[in-house]
Amino acid sequence: GESVGLHLPTLSVQEGDNSIINCAYSNSASDYFIWYKQESGKGPQFIIDIRSNMDKRQGQRVTVLLNKTVKHLSLQIAATQPGDSAVYFCAGESGGSYIPTFGRGTSLIVHP
Amino acid sequence: DSGVTQTPKHLITATGQRVTLRCSPRSGDLSVYWYQQSLDQGLQFLIQYYNGEERAKGNILERFSAQQFPDLHSELNLSSLELGDSALYFCASTPDGFYGYTFGSGTRLTVV
């Protein structure tokens, strides 16, 4: 089955810096990946997704990079703001299951 | 407000008891998913319903059951509760059972 995990449980950055959150997955058949943001007391919120036929996708201040060779993806947040403080999850889907498997999460702490 | 409504927000109950968690999906969404989030296991998929029918089942215990009603709201029933069932339970919905997850704010269950 799919196994998705994040590299670091906590990432601390200064306001204005760029943040990079990493994630590894185990199933080479995984073909769709999603990043979620979970703020305290709320449910996960969709940030950005990427399909396996792409290497990079950009959103507003966020970029997801996918390296299928080493089964790794990353979420880059530009000019990190205090409002970006949250737990970030990567999730992967494979084989047309349409049920994402979530990693454990990385807590991003942004210091003003 | 994500449009997915979960009630109650908090629930405290004793071991051995039974509780029901309720979820109203976002307007127009036909599919509902239940997830359990605990500190040591991350977000675990429990079960999915689509238009009243069970579509996929994950790591759901036999003590747990769910259903989706004709008005598309869903209920998750947890019985013979154990201390280890203490967790956040999230409901998510999608329009068609494929992409576009929207999560509710969750129900925090504490078993004492």
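Sequence lines set the chain letters: A, B, ... in the order given, protein chains first and strands last, and positions in each chain run from 1.
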Colleague: Do A/P100 and B/Y35 have side-chain heavy atoms sitting under 4.5 Å apart?
Modeller: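 Yes; the side chains approach each other to less than 4.5 Å.
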
Colleague: Testing the basics here: between B/Y33 and A/I99, what is the closest heavy-atom pair and its distance to 0.1 Å?
Modeller: CE2-CD1, 3.6 Å

Colleague: Hey, any chance A/V64 and A/L11 share a hydrophobic cluster, counting ILVMFWY side chains that come within less than 4.5 Å of each other, even indirectly?
Modeller: yes

Colleague: When you group the ILVMFWY residues by side-chain heavy-atom contacts below 4.5 Å and let the links chain together, are A/Y32 and A/Y98 in the same group?
Modeller: yes

Colleague: Is it possible for you to say whether A/V62 and A/L108 belong to one hydrophobic cluster, with membership spreading through side-chain heavy-atom contacts below 4.5 Å?
Modeller: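 Per the 4.5 Å side-chain linkage, A/V62 and A/L108 are co-clustered.
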
Colleague: Working to the nearest 0.5 Å, report the span between NZ of A/K42 and CG of B/L88.
Modeller: 14.5 Å

Colleague: Which other residues belong to the hydrophobic cluster containing B/V112, where Ile, Leu, Val, Met, Phe, Trp and Tyr are joined when side-chain heavy atoms lie under 4.5 Å apart, directly or via other members?
Modeller: B/I12

Colleague: Where on B/Q37 is there a heavy atom nearer than 4.5 Å to chain A: the side chain, the backbone, both, or neither?
Modeller: side chain

Colleague: So for A/Q45, is it side chain, backbone, both, or neither that comes closer than 4.5 Å to the heavy atoms of chain B?
Modeller: neither

Colleague: Output the distance between atom CZ (B/F103) and atom OH (A/Y36), rounded to the nearest 0.5 Å.
Modeller: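 Answer for the CZ-OH pair, B/F103 versus A/Y36, is 5.0 Å.
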
Colleague: In this structure, would B/I47 and B/L78 fall into the same cluster of hydrophobic residues linked by side-chain contacts under 4.5 Å?
Modeller: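 In one cluster with B/I47: B/L78, yes.
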
